[in-house]
Amino acid sequence: MKLLRVGAPGEERPAVRTDDGRLLDLSSVASDIDGAFLASGGLDRARTALAEGSLPELDPEGLRIGAPVARPGKVVCVGLNYRDHAAETGAPLPSRPVVFMKDPGTVVGPYDEVLIPRRSVKTDWEVELAVVIGRRARYLDGPAAARAVIAGYAVSHDVSEREFQLEYSPQWDLGKSCETFNPLGPWLVTADEVGDPQNLGLHLSVNGVKRQDGHTGDMIFPVDHIVSYLSQYMVLEPGDVINTGTPAGVALGLPGTPFLTPGDTVELSVDGLGSQRQTFGQA
(Lines give C-alpha, C1' and ligand atoms only; values in the text may rest on other atoms or scores of the structure.)
Protein backbone atom coordinates (compact mmCIF):
# COMPACT_ATOMS: atom_id res chain seq x y z
CA MET A 1 0.00 0.00 0.00
CA LYS A 2 0.88 3.63 -0.46
CA LEU A 3 -0.37 5.70 2.48
CA LEU A 4 -0.37 9.48 2.59
CA ARG A 5 -1.79 12.47 4.41
CA VAL A 6 -3.54 15.27 2.55
CA GLY A 7 -4.73 18.71 3.57
CA ALA A 8 -3.47 21.98 5.01
CA PRO A 9 -0.72 21.85 7.65
CA GLY A 10 -2.24 20.63 10.91
CA GLU A 11 -5.44 19.56 9.15
CA GLU A 12 -4.23 16.54 7.18
CA ARG A 13 -6.45 13.50 6.73
CA PRO A 14 -5.21 9.95 6.07
CA ALA A 15 -5.54 8.51 2.60
CA VAL A 16 -4.40 5.60 0.47
CA ARG A 17 -3.26 5.79 -3.15
CA THR A 18 -4.51 2.99 -5.37
CA ASP A 19 -2.49 1.33 -8.10
CA ASP A 20 -4.39 3.34 -10.72
CA GLY A 21 -3.58 6.65 -8.98
CA ARG A 22 -6.85 7.37 -7.17
CA LEU A 23 -6.89 8.75 -3.63
CA LEU A 24 -9.22 7.09 -1.11
CA ASP A 25 -10.17 8.60 2.23
CA LEU A 26 -9.00 6.55 5.25
CA SER A 27 -10.72 8.74 7.85
CA SER A 28 -13.18 5.95 8.66
CA VAL A 29 -10.25 3.69 9.57
CA ALA A 30 -7.95 6.11 11.41
CA SER A 31 -7.81 9.70 12.59
CA ASP A 32 -4.23 10.01 11.32
CA ILE A 33 -1.21 8.05 10.17
CA ASP A 34 1.05 8.21 13.18
CA GLY A 35 2.72 6.03 15.77
CA ALA A 36 -0.57 5.08 17.42
CA PHE A 37 -2.02 4.01 14.05
CA LEU A 38 0.98 1.81 13.30
CA ALA A 39 1.17 0.36 16.82
CA SER A 40 -2.50 -0.64 16.87
CA GLY A 41 -2.61 -2.66 13.65
CA GLY A 42 -3.58 0.27 11.46
CA LEU A 43 -1.90 -1.15 8.36
CA ASP A 44 -4.02 -4.31 8.58
CA ARG A 45 -7.19 -2.28 9.06
CA ALA A 46 -6.33 -0.14 6.05
CA ARG A 47 -5.68 -3.22 3.90
CA THR A 48 -9.03 -4.70 4.91
CA ALA A 49 -10.91 -1.48 4.14
CA LEU A 50 -9.14 -1.18 0.81
CA ALA A 51 -10.01 -4.76 -0.13
CA GLU A 52 -13.66 -4.22 0.81
CA GLY A 53 -13.88 -1.38 -1.69
CA SER A 54 -15.92 0.89 0.55
CA LEU A 55 -13.53 3.82 1.00
CA PRO A 56 -14.77 7.10 -0.53
CA GLU A 57 -12.68 8.70 -3.24
CA LEU A 58 -11.00 12.08 -2.72
CA ASP A 59 -10.70 14.78 -5.35
CA PRO A 60 -6.94 15.45 -5.54
CA GLU A 61 -7.36 18.83 -7.20
CA GLY A 62 -5.66 21.47 -5.07
CA LEU A 63 -4.98 19.06 -2.20
CA ARG A 64 -1.68 19.61 -0.43
CA ILE A 65 0.25 16.44 0.37
CA GLY A 66 1.76 16.45 3.84
CA ALA A 67 4.40 14.20 5.36
CA PRO A 68 3.06 10.61 5.32
CA VAL A 69 3.71 10.15 9.04
CA ALA A 70 2.43 12.66 11.58
CA ARG A 71 4.65 13.85 14.42
CA PRO A 72 7.49 11.29 14.40
CA GLY A 73 8.73 10.73 17.92
CA LYS A 74 12.28 10.96 16.66
CA VAL A 75 14.23 11.24 13.44
CA VAL A 76 17.43 9.20 13.62
CA CYS A 77 20.01 9.68 10.89
CA VAL A 78 23.00 7.73 9.63
CA GLY A 79 25.81 9.76 8.11
CA LEU A 80 28.49 8.75 5.61
CA ASN A 81 26.65 5.53 4.76
CA TYR A 82 27.51 5.46 1.04
CA ARG A 83 31.05 4.75 -0.04
CA ASP A 84 31.07 7.42 -2.73
CA HIS A 85 29.67 10.10 -0.40
CA ALA A 86 32.30 9.39 2.24
CA ALA A 87 34.96 9.66 -0.45
CA GLU A 88 33.69 12.99 -1.80
CA THR A 89 33.71 14.53 1.68
CA GLY A 90 37.21 13.25 2.40
CA ALA A 91 36.03 11.09 5.32
CA PRO A 92 37.31 7.57 5.99
CA LEU A 93 34.81 4.73 5.67
CA PRO A 94 33.19 4.28 9.09
CA SER A 95 33.59 0.97 10.90
CA ARG A 96 30.29 1.52 12.72
CA PRO A 97 27.24 3.58 11.67
CA VAL A 98 27.65 7.31 12.22
CA VAL A 99 24.49 8.21 14.13
CA PHE A 100 22.99 11.61 14.84
CA MET A 101 19.55 12.97 15.63
CA LYS A 102 17.43 15.47 13.74
CA ASP A 103 14.69 17.55 15.34
CA PRO A 104 11.34 15.87 14.43
CA GLY A 105 9.92 19.37 13.99
CA THR A 106 11.90 19.62 10.75
CA VAL A 107 9.53 17.18 9.02
CA VAL A 108 7.32 18.84 6.39
CA GLY A 109 5.49 17.79 3.26
CA PRO A 110 7.28 16.76 0.05
CA TYR A 111 6.25 19.86 -1.88
CA ASP A 112 6.36 22.43 0.92
CA GLU A 113 8.70 25.40 0.78
CA VAL A 114 12.06 24.84 2.48
CA LEU A 115 13.55 27.83 4.27
CA ILE A 116 17.23 28.69 4.06
CA PRO A 117 18.23 29.78 7.57
CA ARG A 118 19.25 33.33 8.34
CA ARG A 119 23.02 33.81 8.01
CA SER A 120 23.29 30.57 6.05
CA VAL A 121 25.80 30.39 3.21
CA LYS A 122 26.12 26.60 2.90
CA THR A 123 22.65 25.03 2.65
CA ASP A 124 22.95 21.65 0.94
CA TRP A 125 20.77 18.82 -0.38
CA GLU A 126 20.69 15.07 0.42
CA VAL A 127 18.26 12.54 -1.06
CA GLU A 128 17.77 9.58 1.29
CA LEU A 129 15.76 6.43 1.84
CA ALA A 130 13.73 6.79 5.04
CA VAL A 131 12.66 3.82 7.14
CA VAL A 132 9.45 4.12 9.18
CA ILE A 133 9.22 1.92 12.26
CA GLY A 134 5.97 0.00 12.78
CA ARG A 135 6.55 -1.79 16.08
CA ARG A 136 8.37 -1.03 19.31
CA ALA A 137 11.90 -2.33 18.99
CA ARG A 138 14.65 -2.84 21.55
CA TYR A 139 17.71 -5.09 21.44
CA LEU A 140 16.74 -6.71 18.15
CA ASP A 141 18.52 -9.96 17.44
CA GLY A 142 19.78 -9.55 13.90
CA PRO A 143 18.47 -8.68 10.43
CA ALA A 144 15.32 -10.84 10.40
CA ALA A 145 14.09 -9.28 13.64
CA ALA A 146 14.86 -5.83 12.22
CA ARG A 147 12.84 -6.43 9.07
CA ALA A 148 9.84 -7.46 11.18
CA VAL A 149 9.56 -4.02 12.82
CA ILE A 150 9.68 -1.95 9.61
CA ALA A 151 6.31 -0.54 8.56
CA GLY A 152 7.56 0.90 5.29
CA TYR A 153 9.72 3.38 3.46
CA ALA A 154 9.58 6.93 2.14
CA VAL A 155 11.61 9.50 0.25
CA SER A 156 13.44 11.82 2.64
CA HIS A 157 15.30 15.05 1.96
CA ASP A 158 17.90 15.52 4.69
CA VAL A 159 18.55 19.21 4.05
CA SER A 160 21.76 20.33 5.75
CA GLU A 161 23.59 23.57 6.52
CA ARG A 162 27.27 22.64 6.28
CA GLU A 163 28.74 25.61 8.14
CA PHE A 164 26.39 25.08 11.06
CA GLN A 165 26.97 21.31 10.88
CA LEU A 166 30.74 21.11 10.56
CA GLU A 167 32.18 24.42 11.76
CA TYR A 168 30.01 25.50 14.70
CA SER A 169 29.98 22.32 16.80
CA PRO A 170 31.63 18.89 16.99
CA GLN A 171 28.11 17.46 16.78
CA TRP A 172 26.05 17.81 13.60
CA ASP A 173 22.67 18.76 15.04
CA LEU A 174 22.88 22.52 14.45
CA GLY A 175 23.20 22.04 10.70
CA LYS A 176 20.51 19.37 10.49
CA SER A 177 17.68 20.72 12.63
CA CYS A 178 16.74 24.03 11.02
CA GLU A 179 13.04 24.54 10.35
CA THR A 180 11.61 22.71 7.30
CA PHE A 181 14.87 20.75 6.86
CA ASN A 182 13.25 17.31 6.40
CA PRO A 183 10.66 17.05 3.62
CA LEU A 184 9.21 13.53 3.78
CA GLY A 185 7.01 11.58 1.39
CA PRO A 186 4.84 11.76 -0.63
CA TRP A 187 3.93 8.24 0.44
CA LEU A 188 4.63 5.72 3.16
CA VAL A 189 5.04 2.62 1.01
CA THR A 190 4.59 -0.55 3.02
CA ALA A 191 7.54 -2.90 3.32
CA ASP A 192 5.79 -5.74 1.46
CA GLU A 193 5.34 -3.53 -1.61
CA VAL A 194 8.92 -2.22 -1.60
CA GLY A 195 10.55 -5.64 -1.39
CA ASP A 196 14.34 -5.37 -1.19
CA PRO A 197 15.32 -1.93 0.18
CA GLN A 198 18.88 -2.50 -1.08
CA ASN A 199 17.70 -2.42 -4.69
CA LEU A 200 16.46 1.15 -5.09
CA GLY A 201 17.80 4.04 -7.12
CA LEU A 202 18.00 7.54 -5.59
CA HIS A 203 17.93 10.64 -7.77
CA LEU A 204 18.17 14.40 -7.20
CA SER A 205 18.46 17.45 -9.43
CA VAL A 206 18.85 21.17 -8.69
CA ASN A 207 17.32 23.64 -11.13
CA GLY A 208 17.10 20.82 -13.66
CA VAL A 209 20.75 19.77 -13.30
CA LYS A 210 21.27 16.18 -12.13
CA ARG A 211 23.34 16.13 -8.96
CA GLN A 212 22.75 12.76 -7.29
CA ASP A 213 22.19 9.41 -8.98
CA GLY A 214 22.89 6.64 -6.47
CA HIS A 215 21.71 3.19 -5.42
CA THR A 216 20.90 1.73 -2.03
CA GLY A 217 23.02 -1.28 -2.93
CA ASP A 218 26.03 0.97 -2.31
CA MET A 219 25.21 1.48 1.37
CA ILE A 220 28.01 0.59 3.75
CA PHE A 221 25.49 -0.55 6.37
CA PRO A 222 22.24 -1.96 4.93
CA VAL A 223 18.81 -1.12 6.28
CA ASP A 224 18.30 -4.19 8.46
CA HIS A 225 21.74 -3.75 10.05
CA ILE A 226 20.98 -0.09 10.80
CA VAL A 227 17.66 -0.89 12.48
CA SER A 228 19.13 -3.72 14.53
CA TYR A 229 22.16 -1.62 15.48
CA LEU A 230 20.11 1.37 16.62
CA SER A 231 17.90 -0.85 18.75
CA GLN A 232 20.92 -1.77 20.86
CA TYR A 233 21.27 1.86 21.98
CA MET A 234 17.75 3.32 21.89
CA VAL A 235 14.17 2.13 21.87
CA LEU A 236 12.61 2.57 18.46
CA GLU A 237 8.92 3.40 18.62
CA PRO A 238 6.17 3.13 15.99
CA GLY A 239 6.25 6.19 13.76
CA ASP A 240 9.96 6.87 14.28
CA VAL A 241 11.84 7.76 11.10
CA ILE A 242 15.37 6.66 10.20
CA ASN A 243 17.23 8.51 7.45
CA THR A 244 19.71 5.99 6.07
CA GLY A 245 22.29 8.20 4.35
CA THR A 246 22.89 9.85 1.01
CA PRO A 247 24.98 8.98 -2.06
CA ALA A 248 27.60 11.21 -3.69
CA GLY A 249 26.69 14.45 -5.41
CA VAL A 250 26.03 16.91 -2.57
CA ALA A 251 27.15 20.51 -2.97
CA LEU A 252 29.83 20.05 -0.31
CA GLY A 253 31.64 17.59 -2.57
CA LEU A 254 31.18 19.32 -5.94
CA PRO A 255 33.59 21.71 -7.66
CA GLY A 256 32.73 25.25 -6.63
CA THR A 257 30.44 23.96 -3.85
CA PRO A 258 27.20 25.25 -5.44
CA PHE A 259 25.17 25.60 -2.24
CA LEU A 260 21.47 26.45 -2.42
CA THR A 261 20.13 29.99 -2.59
CA PRO A 262 16.58 31.37 -2.41
CA GLY A 263 14.63 30.56 -5.55
CA ASP A 264 16.43 27.29 -6.26
CA THR A 265 14.28 24.25 -6.99
CA VAL A 266 15.24 20.74 -5.90
CA GLU A 267 13.56 17.62 -7.30
CA LEU A 268 14.27 14.19 -5.84
CA SER A 269 12.96 10.64 -5.96
CA VAL A 270 13.55 7.07 -4.86
CA ASP A 271 12.46 4.24 -7.15
CA GLY A 272 8.94 3.11 -6.31
CA LEU A 273 8.49 5.64 -3.51
CA GLY A 274 7.46 8.73 -5.47
CA SER A 275 9.08 12.12 -5.90
CA GLN A 276 9.45 15.46 -4.16
CA ARG A 277 9.86 19.02 -5.36
CA GLN A 278 10.77 22.02 -3.23
CA THR A 279 11.47 25.65 -3.99
CA PHE A 280 13.77 27.20 -1.44
CA GLY A 281 12.91 30.47 0.28
CA GLN A 282 14.54 32.69 2.88
CA ALA A 283 13.74 32.32 6.56
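- Here the side chains of T180 and D112 are not in contact, with every heavy-atom distance at 4.5 Å or above.
- Side-chain atoms of I226 and N81, non-hydrogen and from C-beta on, do get closer than 4.5 Å to each other.
- Within the 4.5 Å cutoff, side-chain heavy atoms of V270 are placed close to those of L202.
- In this structure, R83 contributes its side chain and M219 its backbone to a donor-acceptor pair below 3.5 Å.
- For the pair V227 and V149, the minimum side-chain heavy-atom distance is below 4.5 Å.
- Of the possible polar contacts, one joining the D84 side chain to the A248 backbone as a donor-acceptor pair under 3.5 Å is found.
- Hydrophobic clustering of Ile, Leu, Val, Met, Phe, Trp and Tyr side chains at less than 4.5 Å, counting indirect connections, unites L254 with Y82.
- The backbone N or O of L174 sits nowhere less than 3.5 Å from a side-chain atom of S177 that would complete a donor-acceptor pair.
- The main-chain N or O of A251 is found under 3.5 Å from a side-chain atom of D124 such that the two form a donor-acceptor pair.
- Both V155 and V114 are members of a single hydrophobic cluster when ILVMFWY side chains are connected at heavy-atom separations under 4.5 Å.
- The OG1 atom of T190 lies 5.0 Å from the CZ atom of R47; values are rounded to the nearest 0.5 Å.
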Side chain to side chain contact (heavy atoms under 4.5 Å, CB included) between K176 and E126, worked out:
CA-CA 11 Å; K176 295 288 189 171; E126 291 191 9; 3.3 Å; yes
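- Taking CG of N207 as the start and CZ of F280 as the end, the distance is 10.0 Å to the nearest 0.5 Å.
- Under the side chain to side chain contact (heavy atoms under 4.5 Å, CB included) test applied with P183, the options L268, D158, V159, V107 reduce to a single match, V159.
- Checked by atom type and distance alone, the side chain of W187 never pairs as donor or acceptor with a backbone atom of M1 at under 3.5 Å.
- Checking side-chain atoms of R277 against main-chain N and O of Y111 turns up no donor-acceptor pair under 3.5 Å.
- In this structure, CG in D224 is found 15.0 Å from OH in Y229, a value given to the nearest 0.5 Å.
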Taking it one step at a time, do D271 and H215 satisfy side chain to side chain donor-acceptor pair (under 3.5 Å)?
CA-CA 9 Å; D271 294 350; H215 195 275; 5.9 Å; no
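- No single ILVMFWY cluster, assembled from side-chain heavy atoms under 4.5 Å apart, contains both V29 and V189.
- Rounded to the nearest 0.5 angstrom, L252 CG and Q165 CD are separated by 8.0 Å.
- Remark: Q171 CD is loosely packed, at most 12 non-hydrogen atoms of other residues, nucleotides or ligands lying under 6.0 Å away.
- Within the 3.5 Å criterion, the main-chain N or O of A146 finds no donor-acceptor partner in the side chain of S228.
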Report the C-alpha distance between F181 and V108 in whole Å, list the side-chain angles of each, state the deciding distance to 0.1 Å, and finish with yes or no for side chain to side chain contact (heavy atoms under 4.5 Å, CB included).
CA-CA 8 Å; F181 261 28; V108 295; over 6 Å; no
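- For the pair T216 (side chain) and N199 (backbone), a donor-acceptor distance under 3.5 Å is present.
- Counting heavy atoms from C-beta on, the side chains of F164 and D173 never come closer than 4.5 Å.
- Using a cutoff of 4.0 Å between basic side-chain nitrogens and carboxylate oxygens, E237 and R136 are scored as salt-bridged.
- Separation of atoms NZ (K102) and SG (C77) is listed at 5.5 Å; rounding is to 0.5 Å.
- The residues R64 and E11 are annotated as not salt-bridged, no charged nitrogen and carboxylate oxygen being separated by less than 4.0 angstrom.
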Using the rule given for side chain to side chain contact (heavy atoms under 4.5 Å, CB included), can you reason through V223 versus L129, listing the C-alpha separation, both sets of side-chain angles and the distance that settles it, and then say yes or no?
CA-CA 9 Å; V223 165; L129 172 68; 3.9 Å; yes
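- Taken together through direct or relayed side-chain contacts under 4.5 Å among Ile, Leu, Val, Met, Phe, Trp and Tyr, F221 and V127 form part of one hydrophobic cluster.
- Within a 6.0 Å radius of CG in D192, other residues, nucleotides and ligands contribute more than 12 heavy atoms.
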Determine, stepwise, if the pair V132 / L38 fulfils side chain to side chain contact (heavy atoms under 4.5 Å, CB included).
CA-CA 10 Å; V132 178; L38 296 170; 4.0 Å; yes
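- Between L166 and K122, the closest side-chain pair of non-hydrogen atoms is not below 4.5 Å.
- Counting only heavy atoms from C-beta outward, the side chains of D32 and R71 approach each other to under 4.5 Å.
- Using a distance-only test at 3.5 Å, with no hydrogens or angles considered, a donor-acceptor pair links the side chain of S231 to the main chain of L140.
- A 4.5 Å side-chain heavy-atom check between P258 and R211 finds at least one atom pair inside the cut-off.
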Test salt bridge (Lys or Arg N to Asp or Glu O under 4.0 Å) on E161 and R119 and set out the steps.
CA-CA 10 Å; E161 211 297 343; R119 298 175 294 281; over 6 Å; no
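- Here the OG1 atom belonging to T279 is positioned 9.0 Å from the CG atom belonging to D264, to the nearest 0.5 angstrom.
- L184 and Y153 fall into different hydrophobic clusters, defined by Ile, Leu, Val, Met, Phe, Trp and Tyr side-chain heavy atoms under 4.5 Å apart, directly or through other members.
- A side chain to side chain donor-acceptor pair (under 3.5 Å) with H157 is found for exactly one of Q276, E128, Q278, namely Q278.
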